[in-house]
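Please read the structure below before turning to the comments.
Every heavy atom of this structure was used, including side-chain atoms; hydrogens, water molecules and symmetry mates were not. Not measured: the values here are computed from a predicted model. Counting convention: from 1, in listed order, for ligands and their atoms alike.
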Amino acid sequence: MKLVGVELRRIALPLVAPFRTSFGTQTDRDVLLVRAVTDDAEGWGECVAMADPAYSPEYVDAAADVLTRFLVPALAAAPELDAQRVGPLLARFKGHPMAKAALETALLDAELRALGRPLARELGAVRDAVPAGVSVGIMDSIPQLLDAVAGYLDAGYLRIKLKIEPGWDVEPVRAVRERFGDDVALQVDANTAYTLDDARHLALLDPFDLLLIEQPLDEDDVLGHAELARLVRTPVCLDESITSARSAAAAIALGACRIVNIKPGRVGGYLEARRIHDVCRAHGVAVWCGGMLETGLGRAANVALAALPGFTLPGDTSASDRYYRTDVTEPFVLADGHLAVPRGPGIGVVPVPERLAEVTTSTTWLPC
Ligand SMILES: O=C(O)CCC(=O)N[C@@H](C(=O)O)c1ccccc1
């Protein structure tokens, strides 16, 4: 496969409602899409970097810059290219996993479209549909939270994830349990908002039979998570801390997590995501697919990944309307609490041209 050129396209999408986490509130998304044009086919990748470096060190302007000045030229110079070679070709550039993931995914999508192979099949999917969980932001009040959770349960979501932070943790969890009962699959996500000094407080969540507590401590505090795991009963799940298959193996060996949230953008792409899945599965560690408010392009690829055998917990693979009034692809719609795995070649979806044009704020063509 030869790279003819790469389009970097920025789109602006308002969220249907503000989404508050322990590190800030999102009201809209400034998304970088990557379209790779090869001599065989073209493919799409979505960069999940946020507008500011609040979740991770990456941010969307930096991703566009590193793609333009370093990552795309490195692939353009490659005499022979396929998706498996993208990681090794870009390894000399440190970091920027979200930018790298978007480019690798665009190449992988192009390659698989040329072969007529669905991404799900390429990754090793064993399911045609995946159970959908939903992430619920921090709210202004408990009643507002309960109304939101009621709406998602009515919509059919099979798992509720509550964002928590100091001052908004035990009470919201208690209220959801009291209102909706003990059978609702429920978990919490702290996004690194606590320290080991909060262990006794976090143990107050133990009676609520949560599936997991996600990333309570700093992303680089793997030993702290191992210590916390000895102090609380709720299983610890890592997100920001897991950046590669190697880091997953180390975290598991240290007892820092019993569950892993796999986000392809955070780890550099779907091929590394599969390697993390394989490492976790070999150690009996359950995984689920995290979300980064993706459009239907990233969502399609995430749903394909979530169909692998080790993804035994519902992911943050919600329907398109959880975040967007109109998606850039045909919308993903919940059916009996599940999303169907795209069956077409590559990621199985493409942007709707008129919709893409409506939301485009800039586009840059990088000839190769
Ligand atoms: O459903 C989704 O796509 C979002 C799931 C979610 O809560 N993502 C969180 C996270 O920390 O996991 C997030 C949101 C915004 C930005 C970064 C991360």
Practice task
Please name all residues satisfying side-chain contact (heavy atoms from CB on, under 4.5 Å) with E42, sequence neighbours left out, ordered by chain then number.
Solution key: R35, V37, W44

Fill in the blank from the handout: To atom 4 (C) of ligand 1, the nearest of F19, Y323, F23 on a heavy-atom basis is Y323

Problem - Check ion pair E165-R20 (N to O, under 4.0 angstrom) - result: yes

Exercise for the section: Using a 4.0 Å heavy-atom cut-off, say whether M50 meets ligand 1 through its side chain, its backbone, both or neither. Expected result: side chain

Fill in the blank from the handout: Nearest non-hydrogen contact to atom 10 (C) of ligand 1 from the set Q26, E214, K163 belongs to K163

Handout entry: Shortest reach to atom 17 (C) of ligand 1 by a heavy atom, considering only M292, K161, K263
Key = M292

Fill in the blank from the handout: The complete set of salt bridge (Lys or Arg N to Asp or Glu O under 4.0 Å) pairs with one or both residues in residues 211-229, sequence neighbours excluded, reads K161-E214, E227-R230

Fill in the blank from the handout: atom 7 (O) of ligand 1 has as its nearest protein heavy atom S135 OG, 2.7 Å

Fill in the blank from the handout: Going by the 4.0 angstrom heavy-atom rule, the piece of D189 near ligand 1 is side chain

Problem - T192 and E240: side chain donor to acceptor below 3.5 Å - result: no

Exercise for the section: Just let me know how L293 lines up against ligand 1, side chain, backbone, both or neither, with a heavy-atom cut-off below 4.0 Å. Expected result: both

Practice task
State whether a side-chain donor-acceptor pair under 3.5 Å links E272 with S244.
Solution key: no

Handout entry: Salt bridge present between R281 and D278 (N-O < 4.0 angstrom)
Key = no

Exercise for the section: Indicate whether any N or O donor in one side chain lies under 3.5 Å from an N or O acceptor in the other, for D239 and Y55. Expected result: yes

Practice task
Flag N191 as yes when one of its N or O atoms lies below 3.5 Å from any N or O atom of ligand 1, and as no otherwise.
Solution key: yes

Exercise for the section: Using a 4.0 Å heavy-atom threshold (strictly under), name the region of D239 that reaches ligand 1: side chain, backbone, both or neither. Expected result: side chain

Problem - Closest approach of any protein heavy atom to atom 8 (N) of ligand 1, naming residue and atom - result: G291 O, 3.0 Å

